[in-house]
Structure formats: structure tokens, C-alpha cells
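In what follows, chains carry the letters A, B, and so on, assigned in the order in which the sequence lines appear, proteins first and then strands, with residues in each chain numbered from 1.
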Amino acid sequence: MPELPEVETTRRGIAPHVEGQRIVNVIVRDRRLRWPITQDFERHLSQAIIIQTRRRAKYLLIDLDSGATVMIHLGMSGSLRMTTANELPRKHDHVDVVLESGMLLRYHDPRRFGSMHCFVGQSHALLEHLGPEPLSADFTGEYLFQQSRKRGSAVKLFIMDAKIVVGVGNIYANEALFMAGIRPDRPANGISKKRYMALAESIKAVLANAIEVGGTTLRDFVGGDGKAGYFAQSLQVYGRGGDRCKRCKVTRLREIRQSSRATVYCTRCQR
DNA sequence: ACTGGCACCTGGGCGC
DNA sequence: TGCGCCCAGGTGCCAG
């Protein structure tokens, strides 16, 4: 389940291998991603030179010298890694982007919730109306507080709303709320500015830490399995329902469901 | 404008 | 051992 840190780690992993490279071939084995890969995808990529990689929310963006941009989402189960044609494609290896160096970027996605697009120009409809990047200076407790005033929904759902802030998935939403000591089911508009300041800082800290950890555990994108690295990170609450809280060491973590997603929190430490 | 709920998909874990 | 059920979850989209 790639969250923002995994996408950023992936970007950093592939960047040195793809930037400056010419794309000499594109092999699409299965077009049935979340949105079918269109025929112009190969046409746009072929023979173009990769200028740079970027990330917006959980979208990985690859700018080409032709003015086009490749947009990749890893969905729930997607991964990207560098390899060579010597390694035969395995099940669910849907796309190869072959580079002049002989290396290739291989897209793997069993559930096919991910997507690959190519657009020409500045932006794409899917990138519009997105909230600020959580690690940017635009994202502050003040901002969260202002946005929350008319929101009666639970604070966890509020921070997972991409129109409010991008890149906060279920795992890190749970972790950030624990770190900030806020109950996930509290209405967003009933939380003070002071506590939103703590929450914004927690979101930044949790994501930044995961990127750092990912950077150390996922250094090898060549020949590695390309798997996400948050398992290496010690999660405080996610996946620990029924276990004792690591902070108070007394209360057993409570697990509930919010919009059919698992929410785990400590009834003593989170209010 | 805001909210809740659904669909998409496969692998893995579980109970029987 | 094997079968079948259920679940995980990002996010675009729809209905209320």
C-alpha cells in the first residue's frame, strides 16, 4: 500500500537511473489499469528524453523533453523498479520503459488500482483541486484549523481528504493522530487551533520520518524487489488493535472502522 | 457545499 | 489439502 513516503522513496530511487536517459522502447503487456493505458502512451514516450522526476501527492511525474509528462500512480499494490531485459517479466509486470542505457523501468501492480497517463502541458485534471503538500510550508496548523471550521466529519477523515491535504493515507493518518494525542473520531470543527498546530507537526514528522527510513531501507532499487519500506518503521498504532499502547503501556488500543477503514487509537492518550 | 458510500482488483489469511 | 469467504485500501465518482 504505497503511501506518500513510498512514492517519494521510489522517485528518489529511480531518479538517478532515468534522468537524462532516452526512452528507446515501451512495452505494455496489460493496459487494464485503473484507467486503460491509451495507445498514445507509447507514442508519447518513445524516443523522448527524460528531463526530471517530480512528485505531486502520490503521483510520480516524469517530465520529457517533448513537453509531455508521464504520470504514474501506484494505487494499492503498485511498485516501480529498475532492472534489465535479462530479467524476464513476471506476473503483473504490466509495463516496461526501456532506456538507452539498457536499463528499464518496470511497473508491477497485481491489483491494477494504479494508473499510467501521459499528458502534454502544465497539468492534468487529476492534479487540479488537490490540497497542499503536507511537507510544504503551505501546510500549517493554522491552515488546518481554518479549513476545519465547517467540517462536521471526523478529524481522521478530514486529514485524509486530498482536497484538504494530499498524501495522508490510512496508516499515517492513524499514526499522526496518535502522535498528536487526538481521538480520530472527534468532529474536525470541534478541535482547537492549538491542537491543529500539533496535528500538522505530527503529520509532517510521521511522513518525513517514513521517507527517511524508506531512504535507508529502500536504497537498492536495482535488482531489489521494489517493496515499500514502512514495515521497517515502528508503527505505534496501525495494525496493533488490542495490543497495549506504547505510550501509556496500560490501555489496550481500540480498533474501530471509519468509512470502512481501520482506525486504531488509545482511549487514554487520545482525547 | 458537504458527506457517505461504492467500485475497482488480487493475494493472503482464515475457518471449516 | 483445498475450497471459499472476507478483507486490505487510494481515490474518483455518484447519490443524497
Side-chain donor-acceptor pair present, Asn189(A), Ser148(A), cut-off under 3.5 Å: no
Sugar-phosphate only, base, or nothing, as touched by Arg32(A) at under 4.0 Å among non-hydrogen atoms: nothing
Outermost nucleotides of DNA chain B that come under 4.0 Å of a non-hydrogen atom of chain A: dT3(B) to dG11(B)
Whether Glu8(A) side chain and Arg55(A) backbone form a donor-acceptor pair below 3.5 Å: no
Sequence neighbours excluded, every pair satisfying ring pair (Phe, Tyr, Trp, His ring centres under 6.0 Å) that has a member inside residues 42-90 of chain A: Tyr59(A)-His73(A)
Touch class at under 4.0 angstrom, heavy-atom based, for Ser259(A) against every strand present: nothing
Qualifying salt bridge (Lys or Arg N to Asp or Glu O under 4.0 Å) pairs with a residue from residues 36-48 of chain A, counting only residues at least two apart or across chains: Arg31(A)-Glu42(A)
Show each protein N/O and nucleotides 12-15 of chain C N/O combination with a separation under 3.5 Å, one pair to a line.
unit_1  : atom_1 : unit_2   : atom_2 : d
dG12(C) : OP1    : Tyr59(A) : OH     : 2.8
dG12(C) : O4'    : Arg34(A) : NH2    : 3.0

End-to-end axis angle, where each axis spans five pairs of the helix from dC2(B)-dG16(C) to dC16(B)-dG2(C), to 10°: 50°
Separation of dA8(C) C1' from Met160(A) CE (nearest whole Å): 12 Å
Residues forming a salt bridge (Lys or Arg N to Asp or Glu O under 4.0 Å) with Lys204(A), sequence neighbours excluded: none
Transitive ILVMFWY cluster of Val237(A), excluding itself - 4.5 Å side-chain cut-off: Phe178(A), Leu253(A), Val264(A)
Contact nearer the 5' end of DNA chain B, comparing Asp161(A) with Ser260(A): Asp161(A)
Within residues 160-172 of chain A or reaching into it, pairs that qualify as salt bridge (Lys or Arg N to Asp or Glu O under 4.0 Å) - sequence neighbours excluded: Arg151(A)-Asp161(A), Asp161(A)-Lys163(A)
Between dG10(C) (P) and Leu74(A) (CG): distance, integer Å: 12 Å
Interatomic distance where CG belongs to Asn170(A) and C1' belongs to dG10(C) [whole Å]: 10 Å
Sugar-phosphate only, base, or nothing, as touched by Gly152(A) at under 4.0 Å among non-hydrogen atoms: sugar-phosphate
Touch class at under 4.0 angstrom, heavy-atom based, for Lys163(A) against every strand present: nothing
Pairs where residues 119-138 of chain A contributes a residue and the test ring pair (Phe, Tyr, Trp, His ring centres under 6.0 Å) is met, not counting sequence neighbours: His117(A)-His124(A), Phe119(A)-His124(A)
Test salt bridge (Lys or Arg N to Asp or Glu O under 4.0 Å) applied to Asp138(A) - qualifying residues, sequence neighbours left out: none
Shared-cluster residues of Met160(A), by chain and number - hydrophobic side chains joined below 4.5 Å: none
Atom-pair distance (CD on Glu255(A); C1' on dC7(C)), nearest Å: 12 Å
With sequence neighbours excluded, residues passing ring-ring contact (aromatic ring centres under 6.0 Å, His included) with Phe145(A): none
